[in-house]
Structures are given as C-alpha cells and as structure tokens.
Amino acid sequence: MTSPLSRGGFLETLKKGQLTVGTFLGLASPLAAEVAAVNGVDWVLLDLEHGGGGEEQVSPTVVASGGYGVPTLVRVESYERIRLGRVLDAGVAGVMIPRIDNVDEVKAAVKHMSYPPNGDRGVATYNRAVAWGKDLEALNPVSKSACLIQIETLGALAAVEEIAAVPGVDALFVGPLDLSYALGVPRDFKNPKFLEALQKVLDAANSQNKVAGILASDTTIARFYVEMGFKFIAIGSDSTLMAKAISDAVTEIRK
C-alpha cells in the first residue's frame, strides 16, 4: 500500500548518523512543502512555533511532501502531551521540541511520543498515522517518529549531556538565534562563547551516538557546521530562501 508516511524510515536514517538536509516551513503553504520536496531536500519541517500556520497545516503538508517520498517533521509550540499527540496522529515522521530547560521536561516529552505502556500517547485508529485503521501495527508501543530536542536555553545547555542520555531522544538541535541570545552574544555566531557551546552539544550527542543538528542561514555557514560534525542541517526556511532568490534576481536585473 502506497503511503505518504515515513513508517520509521526517517528515524532509521537519523540512527545511522547520515547527513540530511532540509528546510523549515513557515509560510503555512503545502505548496511550499511540495516545492521543497521536489527539489531534493531530505525532509521538511513545519514550524508551529514561529510559522504562519497552525495544526490545520500538518495533514496537507504530510501529504504534499510525502507524495515525493519526503518526510514531514513538525516543531510544536510546547512539549504538552496534546500538542505532540495531535501532530503524531497526522502522520509526521518526527517532532522537534523547543524551549526545553531541563531533563525532566525532556523525559516528559519522550513519554508523550509513545503509546502505553511505554508512554502516555492517546490511542486512536481513525487517523493518518494508523492509515485510518488499516495499519494496526502502527499502534506498537515503541514510537517510530523521531524526537528532536532543541538546545537553545542556558538550562538545556547546562544539562545537555544528561539530555542526550535520555532514551528516546534521537537528536539534539541547536537554535542558533535563541542560543546566542541566551549566551549574551546575540547573532554573533563566530563568538568563542557560542562556538564553545556548539562543541558542547556535539560532544554530548556523539557520546550517546545521537545526531546533532542546527539551522544555517546560508550554504557557507552550513558547510562550516557540517565540518564541525553536525549531521542534521536545516538550510533557512521557505520564506528566507524565496526572499533571497527574489532579491538576488531583482538586483541582478537592475544592474
């Protein structure tokens, strides 16, 4: 049976430590997801924290990108059980959780990812994740969706080794803007304090055979992060990439 669902494929890719490249989606447009998917990204990430849409965008985005074999991830607003359950039921391949401050919050988030007895995710069959009742194997207590924890606060950075060791955490993702502000060096991504923090995240991830990821604003900084050891690279967003393409084109024509 063909399906837009990853069915654990994205999670397996993460566990193998392969380099993957994707982009954030903030325009609340499934068409933007489709454009990204057809142009070679390994995944798309629908941003419900800062993006222009809400949970109503998750289902059409999963279908739009999944039609090209590209999994959809979602950054939720918070680690509340209902927020994770809603997007998991829609069939996402992974959930990114922002604004984490300590390991207890991480353990709670991981618990929300799985069905009982492993977790406390609500069980239902009339959703995409279970192929509308046709795939009851999807109700396995072990989650097949990836859990990506953001390291962007001083609390998360201080506890990063402990966070990386939590079973069920599949990747650590640096939010560079938030982390730079938290460190007191806003937008100074070359500051030794910021680079030291990045290395701390990498070391924590590597010590537990987990993947470290980060958002890069352009390809130059993305290559720098790859050379550092980051394997999950987000290159901008639908809006920033479109804005740059338009600006570059208009500037070139006006020359």
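Remember, it's a predicted structure, so these values are computed and weren't measured experimentally.
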Decide if atom CD of Glu56 counts as having more than 12 heavy atoms of other residues, nucleotides or ligands within a radius under 6.0 Å.
yes
Can you establish whether the number of heavy atoms outside Lys111 located under 6.0 Å from its atom NZ is more than 12?
no
Common cluster, [X]/[Y], ILVMFWY with side-chain heavy-atom separation under 4.5 Å:
{"X": "Leu11", "Y": "Val142", "value": "no"}
{"X": "Leu73", "Y": "Leu46", "value": "no"}
{"X": "Ile235", "Y": "Leu45", "value": "no"}
{"X": "Val201", "Y": "Ile233", "value": "yes"}
{"X": "Val103", "Y": "Met113", "value": "yes"}

Do the side chains of [Y] and [X] get nearer than 4.5 Å, heavy atoms only?
{"X": "Val44", "Y": "Thr72", "answer": "yes"}
{"X": "Val41", "Y": "Val21", "answer": "no"}
{"X": "Thr153", "Y": "Asp178", "answer": "no"}
{"X": "Gln150", "Y": "Met96", "answer": "yes"}
{"X": "Leu157", "Y": "Leu183", "answer": "yes"}
{"X": "Val160", "Y": "Asp203", "answer": "no"}
{"X": "Asp42", "Y": "Thr13", "answer": "no"}
{"X": "Glu161", "Y": "Ser207", "answer": "no"}

Pick out which of Leu88, Leu148, Val74 makes a side chain to side chain contact (heavy atoms under 4.5 Å, CB included) with Val95.
Leu88
Residues Phe24, Arg75; criterion side-chain contact (heavy atoms from CB on, under 4.5 Å); working and verdict
CA-CA 9 Å; Phe24 276 51; Arg75 176 160 69 179; 3.6 Å; yes
Between [X] and [Y], is there a donor-acceptor pair closer than 3.5 Å when you use the side chain of the first and the backbone of the second?
{"X": "Ser65", "Y": "Val70", "value": "yes"}
{"X": "Asn127", "Y": "Val130", "value": "yes"}
{"X": "Ser6", "Y": "Phe10", "value": "yes"}
{"X": "Lys210", "Y": "Leu172", "value": "no"}
{"X": "Ser180", "Y": "Pro176", "value": "yes"}

Where do Val110 and Ile149 land on the side-chain contact (heavy atoms from CB on, under 4.5 Å) test, with the steps shown first?
CA-CA 10 Å; Val110 168; Ile149 300 296; 5.6 Å; no
With a 4.0 Å cut-off, would you call [X] and [Y] a salt bridge?
{"X": "Glu55", "Y": "Arg83", "answer": "yes"}
{"X": "Asp218", "Y": "Lys244", "answer": "no"}
{"X": "Lys255", "Y": "Glu252", "answer": "yes"}

Ser237-Ser239 side chain donor-acceptor pair, cut-off 3.5 Å:
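Yes - a donor-acceptor pair under 3.5 Å links their side chains.
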side-chain contact (heavy atoms from CB on, under 4.5 Å) evaluation trace for Thr23 with Asp238
CA-CA 7 Å; Thr23 191; Asp238 48 7; 5.7 Å; no
Approximate separation, where rounding is to 0.5 Å, of [X] [atom1] and [Y] [atom2]:
{"X": "Asp170", "Y": "Asn209", "atom1": "CG", "atom2": "CG", "answer": "12.5 Å"}
{"X": "Ile221", "Y": "Phe189", "atom1": "CD1", "atom2": "CZ", "answer": "8.0 Å"}
{"X": "Lys231", "Y": "Ile214", "atom1": "NZ", "atom2": "CD1", "answer": "14.5 Å"}
{"X": "Glu196", "Y": "Asn191", "atom1": "CD", "atom2": "CG", "answer": "10.0 Å"}
{"X": "Leu241", "Y": "Ile246", "atom1": "CG", "atom2": "CD1", "answer": "11.0 Å"}
{"X": "Lys190", "Y": "Asp188", "atom1": "NZ", "atom2": "CG", "answer": "9.5 Å"}

Can you pull out every ring-ring contact (aromatic ring centres under 6.0 Å, His included) where at least one residue sits in residues 208-243? Sequence neighbours excluded, please.
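ring-ring contact (aromatic ring centres under 6.0 Å, His included) check on residues 208-243 returns Trp43-Phe232, Phe173-Phe232, Tyr225-Phe230.
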Any residue meeting salt bridge (Lys or Arg N to Asp or Glu O under 4.0 Å) with Arg121, in chain and number order, not counting sequence neighbours
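With sequence neighbours excluded, Arg121 shows a salt bridge (Lys or Arg N to Asp or Glu O under 4.0 Å) to Asp89, given in chain and number order.
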Show your reasoning for whether side-chain contact (heavy atoms from CB on, under 4.5 Å) applies to Arg187 and Leu177.
CA-CA 6 Å; Arg187 301 186 306 281; Leu177 275 172; 3.7 Å; yes
